[in-house]
Amino acid sequence: MCNNFYCFFFARFMAGFGVHFAFLSIFILALENVGMKHRTKVGNLALALALPVGGGIIPWIVLWCDHWKFFNQVITLTFTIPMLLSSFILESATWLLAKGKIDKGMKVLKQVAKINKKSISDDVWSNINNCYTNISVEQPSKKNYRFYRWLHCAESSRRIGVIIIIMSYQFILSMTQEGLRQIAFLLRVNHFIIFSISELIEVPAGVVPLLLLDRVGRKPLSIWLVFICSFFCLCGIPAPEVAYEIIALCGMFFIAAANKVAKQWIVELLPTVIRGEGMALASVMEVVGSVLSPIVIITEIWYRTLPVVILALMSLIGGIIIFYLPETMDEGLSASLEESDPRWSRNQQML
């Protein structure tokens, strides 16, 4: 319906804003609503299959539509599917209980027990209710203070450090992945084909976390993936032109796998009280990294392989800073900052 640039710009901004954060909300809800042993499967199936397959078929939908307005209408129609599905997803019980909404949280827990056909005694329900009611009563002023959660984060240098590392790591992953994707576009191949390849390459990249995440752990797997990506970037320095772009695709495979591990790892690192806001901030840094990645590619005007040198250094920095993040394999999701403190402590092993 837009008839000028500013109207179109605003409409696209709101559409992108809505899609991006709608995915984050559903992703967090999905991980919070499943048990520990199913978390990797549920989280990574969407990242390994749904997102890359959807991205891979978009160029061919564009060709079929043959006009951007018709394409826009076709894509918009798909929004009805998540709108319908979202009505079947339960609110996070841990979030409700952490927020002091005891009655609503208990209602969700009882609904989950009913769906899973679990028989829970009235005494257990009463103990859970009393436990969270006491916690809520003990901290009335904190619960009602709007900025309490983030001010409370500033009480500990370790908390600030973990959050800064998470934001920086997400920025590095996004900039490296998008930078390598743009290098791949330098291949003398039809852009529709290379776009599909760059998206579909994330399918096998998503299988890596599914197979290894609960065997190796989040931290060691992430470190190895970003270091291997850095190695491939460095291999591109002496490579001839065609091999240079192919090596970039190989590096993109490993950084894409690291990005998928990071999505789940960040959800597990952040406590319930700041998980939504923390993931949103990480997502903002991801967008910033994506937006700034062309600046790295422009440096090829000074030296052809300078972009991969910069991206290799970025990957190395990313691998080094996450040495200071704790492992979360086989651990439950923490509800409060106080519960996260032991996990975030400096006594955590580096590997």
Side-chain angles (χ1 to χ4, degrees), residues 20-51 86 89-99 108 112 149-150 153 159 162-174 202 205-206 208-210 212-214 216-223 225-226 256-287 289 318 321-322 324-344 348:
H20 200 68
F21 289 102
F23 168 74
L24 274 182
S25 302
I26 297 296
F27 184 71
I28 293 171
L29 271 175
L31 292 187
E32 288 182 345
N33 275 322
V34 297
M36 190 190 304
K37 65 179 181 180
H38 300 300
R39 203 183 296 152
T40 297
K41 299 185 192 77
V42 170
N44 283 282
L45 277 174
L47 298 175
L49 297 176
L51 290 180
S86 62
I89 297 176
L90 299 175
E91 181 56 272
S92 168
T94 54
W95 180 82
L96 290 169
L97 294 170
K99 290 284 187 179
V108 172
V112 170
R149 296 186 301 273
W150 289 100
C153 285
R159 291 176 183 174
V162 167
I163 291 169
I164 290 173
I165 290 171
I166 288 172
M167 303 300 114
S168 303
Y169 183 56
Q170 194 63 67
F171 171 82
I172 289 169
L173 289 178
S174 177
E202 295 191 34
V208 173
L210 278 171
L212 299 178
L213 205 54
D214 288 335
V216 178
R218 284 74 168 140
K219 185 174 178 177
L221 184 59
S222 296
I223 292 170
L225 287 171
V226 292
N259 210 342
K260 295 180 190 306
V261 174
K263 291 284 192 301
Q264 181 174 334
W265 194 15
I266 292 171
V267 169
E268 294 173 347
L269 281 170
L270 296 172
T272 303
V273 290
I274 62 167
R275 188 171 294 126
E277 296 96 327
M279 282 294 291
L281 278 174
S283 182
V284 168
M285 295 307 296
E286 185 177 5
V287 173
I321 63 175
I322 60 173
Y324 297 96
L325 293 179
E327 178 57 69
T328 58
M329 185 172 67
D330 297 330
E331 293 187 18
L333 298 177
S334 55
S336 64
L337 287 163
E338 289 76 17
E339 285 183 41
S340 295
D341 280 337
R343 183 181 294 177
W344 291 358
Q348 289 280 347

Could you please spell out the steps behind the side-chain contact (heavy atoms from CB on, under 4.5 Å) verdict for Ile172 and Val226?
CA-CA 10 Å; Ile172 289 169; Val226 292; over 6 Å; no
Should Leu213 and Gln264 be marked as a side-chain contact (heavy atoms from CB on, under 4.5 Å) after you check the CA-CA gap, both sets of side-chain angles, and the distance that decides it?
CA-CA 10 Å; Leu213 205 54; Gln264 181 174 334; 3.5 Å; yes
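You'll find the side chain of Leu96 reaches within 4.5 Å of the side chain of Glu91, heavy atoms only. The shortest distance between side-chain heavy atoms of Glu286 and Leu173 does not fall below 4.5 Å.
Between the Asn33 side chain and the Ile89 main chain, no donor and acceptor come within less than 3.5 Å of each other. Counting only distance, with no hydrogens or angles, the side chain of Arg218 and the backbone of Ala262 share no donor-acceptor pair below 3.5 Å.
Between the CG atom in Leu325 and the NZ atom in Lys219 there is a gap of 7.0 Å [rounded to 0.5 Å]. Annotation: the span from Leu221 atom CG to Lys260 atom NZ amounts to 13.0 Å, rounded to 0.5 Å. In this structure, the separation between CD on Glu327 and CH2 on Trp265 is 7.0 Å, given to the nearest 0.5 Å. Remark: Thr328 OG1 to Leu269 CG distance equals 5.5 Å, nearest 0.5 Å. Once rounded to the nearest 0.5 Å, the distance linking CE of Met285 with OG of Ser168 reads 6.0 Å. Atom CD1 of Ile266 and atom CD1 of Ile166 lie 6.0 Å apart (nearest 0.5 Å).
Of all heavy-atom pairs between Ile321 and Ile165, the closest is O-CG2, 3.6 Å. Of all the heavy atoms in Ala205 and Ala257, the pair that sits closest is O-CB, 3.4 Å. When all heavy atoms of Ser222 and Tyr169 are compared, the closest pair comes out as CB-OH, 3.6 Å. Minimum interatomic distance between Leu29 and Ser92 (heavy atoms only, all atoms of both residues): CD2-N, 3.4 Å. Heavy-atom minimum distance, Gln170 versus Ala282: CG-O, 3.2 Å.
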